[in-house]
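Here's the structure, in structure tokens; my notes come after.
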Amino acid sequence: MSRRKQYKKQPQQTKAFINPNVSARIIEKSQYMTRQDIQNWRRALGMARNVESRNMAPIQLLYKDILLDALLMSQMKNRLLKALSTPFMFQDENGNTNDAITNDLQNKRWVNDLCKAVLESIWFGHSLVEIIKEGDNITTKLIPRENVDTVQGKVYFDYTDQTTFIDYRKADEYGTTLLEFGDEGDLGILNNTVPHVLMKKFAQSCWSELCEIFGIPPRVMKTNTHDPAMLNRSEQMMRDVGSAAWFIIDTTEEFQWGQGVSTSGDVYQRLIQLCNSEISMVSSGAIIGQDTVNGSRSKDESAQNMLQQLINSDLSLLEEAWNSTIIPALQKLGILPQDIVLKFEVTEDISDLWQMTKDSLQYYDFDIEWMNRKFGLNIISKKANIFEQDQSLSLGFNKDDFF
């Protein structure tokens, strides 16, 4: 009997299975790209918050749809990549860095995937990851979020069939090869961006329609519509003239445009700008580099500082996830030794540090090795005092010979 037939929906009975290979048993489903609106979002939100019959699939599928928005994707990638590119180190209980483990895991794909899953739980609400270890080869597999109910702790093989599932928190593999990140029932910050992305799509669609109508005005021909020969001749003529919209009316008929609000599309542009600003506020905490008319360097620097605070918070979340969840699991699998923790290198504002260092050079001596390492300089030795050199040259003798 095939696996699909074995787990066929039973009308009167609900079955729960515990199996370590969770990701391989998920049934892939095609996602149809249909038009989404605010009503669809409210419906999906209600299903995700329904205590009696919770269904997380509609809201998670909606998240995949809104990620097609270029601004949202760029803001999300900007924040994720800044955190993922921050160097980390593994230290023992005495605070000494284990260079061997650090250098080995810095370039591992599965390490980056685990960090990405932790960070994406901020956006999507949760991440459920399966670690697959085959000999020395380690890979990770993200369980599709539309198949996971974090409140009841269930993974559905088919998210359209809620009678066949895995109670993953009761599985022996939970906490070892099956790792969970995020809070129960959390819908993530993407839920706050959904209405703005949908309204932005609506404004773009209306603006596009405005361009289509008024950018290439339709053509009108008057003819005797009761004469088939003249009507056919007029239709052929309108087809041959160009690709713009056209229509034919009778000589006794009259066509007029309805008088609406005169606009060149600025109303749609302002709505799109508003939605972009709201998306940026949710994603980065500020509007970064978008308002080129009213923007300024000070505003952009303040926005960058706000973004850096969010990235520092993301790094703290990563540290907590590694030290409390990932490292204990890797120790059980024999991948990492005992008494080891992960730490991220503290990020510094090099420009401010350089300014303070430069202002202090006239009062203090700095370690040459530290300056070369910190600022990428190539200082060989300390330079002689310029004032003393100038004085000795102007007087024609060395100051040590004066006495």
Side-chain angles (χ1 to χ4, degrees), residues 1-34 36 40-67 113-114 116-133 139-191 194 321 325 329:
M1 181 181 295
S2 66
R3 177 173 294 173
R4 187 180 294 271
K5 292 182 179 179
Q6 183 180 356
Y7 300 125
K8 187 177 181 181
K9 180 178 179 180
Q10 302 295 330
Q12 300 296 333
Q13 185 178 5
T14 299
K15 298 182 179 180
F17 300 91
I18 296 178
N19 192 295
N21 198 1
V22 179
S23 57
R25 304 170 70 185
I26 299 296
I27 300 175
E28 273 191 74
K29 307 287 288 186
S30 299
Q31 183 180 357
Y32 298 99
M33 304 301 295
T34 57
Q36 303 287 348
N40 296 124
W41 169 61
R42 291 187 179 276
R43 187 182 302 113
L45 193 59
M47 296 175 70
R49 292 175 174 174
N50 190 340
V51 179
E52 298 177 353
S53 179
R54 192 182 308 274
N55 189 351
M56 304 294 292
I59 193 72
Q60 291 295 337
L61 293 175
L62 182 57
Y63 289 168
K64 291 183 178 181
D65 185 77
I66 67 170
L67 284 179
D113 291 341
L114 284 175
K116 184 180 178 182
V118 175
L119 294 174
E120 285 185 344
S121 66
I122 302 173
W123 298 83
F124 293 91
H126 75 93
S127 296
L128 184 63
V129 182
E130 185 173 30
I131 300 176
I132 303 172
K133 186 174 184 292
T139 57
T140 61
K141 188 73 173 179
L142 176 70
I143 308 300
R145 295 182 176 90
E146 57 268 23
N147 293 71
V148 182
D149 182 354
T150 59
V151 178
Q152 301 182 51
K154 297 177 180 179
V155 173
Y156 299 101
F157 300 140
D158 183 347
Y159 63 80
T160 62
D161 177 10
Q162 295 195 354
T163 61
T164 306
F165 59 88
I166 297 173
D167 200 346
Y168 65 88
R169 290 188 182 131
K170 295 181 180 179
D172 296 334
E173 296 73 28
Y174 184 72
T176 304
T177 58
L178 204 58
L179 305 181
E180 183 179 21
F181 310 107
D183 299 327
E184 294 183 9
D186 185 17
L187 298 179
I189 62 177
L190 280 179
N191 184 52
V194 171
T325 304

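Quick note: numbers below take in every heavy atom, side chains included, and nothing from hydrogens, waters or symmetry partners. Source: prediction; values computed, not measured.
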Rounded to the nearest 0.5 Å, what separates atom [atom1] in [X] from atom [atom2] in [Y]?
X	Y	atom1	atom2	answer
L67	L62	CG	CG	9.5 Å
D172	L178	CG	CG	11.5 Å
L45	I59	CG	CD1	5.5 Å
N40	L61	CG	CG	12.0 Å
N147	F165	CG	CZ	13.5 Å
L114	L119	CG	CG	11.0 Å

Using a 4.5 Å cut-off on heavy atoms from C-beta on, say whether the side chain of [Y] contacts that of [X].
X	Y	result
I166	F157	yes
I131	L179	yes
R145	H126	yes
E173	V22	no
V129	D113	no

Residues that [X] engages under salt bridge (Lys or Arg N to Asp or Glu O under 4.0 Å), provided they are two or more places apart:
X	answer
R49	none
K141	none
K133	none

With sequence neighbours excluded, tell me which residues meet side-chain hydrogen bond (donor to acceptor under 3.5 Å, both in side chains) with [X].
X	answer
Y156	none
S121	none
W41	N191
Y168	E180

Heavy-atom closest contact ([X] atom, [Y] atom, distance):
X	Y	answer
L190	I66	O-CD1, 4.0 Å
T176	A329	O-CB, 3.4 Å
V151	E184	O-OE1, 4.2 Å
G153	D167	O-OD1, 3.1 Å

Inset, instruction - Mind running side-chain contact (heavy atoms from CB on, under 4.5 Å) on K29 and D158 for me, showing each step along the way? - result: CA-CA 8 Å; K29 307 287 288 186; D158 183 347; 3.5 Å; yes

Legend entry - Residues, nucleotides or ligands: over 12 heavy atoms within 6.0 Å of R169 CZ: yes

Inset, instruction - Without swapping roles, check the side chain of T150 against the backbone of G185 for a donor-acceptor pair under 3.5 Å. - result: yes

Legend entry - Sequence-distant partners of Q152, side chain to side chain contact (heavy atoms under 4.5 Å, CB included), two or more places apart: R54, D149, K154

Legend entry - Qualifying side-chain hydrogen bond (donor to acceptor under 3.5 Å, both in side chains) pairs with a residue from residues 55-65, counting only residues at least two apart or across chains: K64-E146, D65-K201

Inset, instruction - Would you check, one step at a time, whether the test side-chain contact (heavy atoms from CB on, under 4.5 Å) holds for V155 with I26? - result: CA-CA 9 Å; V155 173; I26 299 296; 3.7 Å; yes

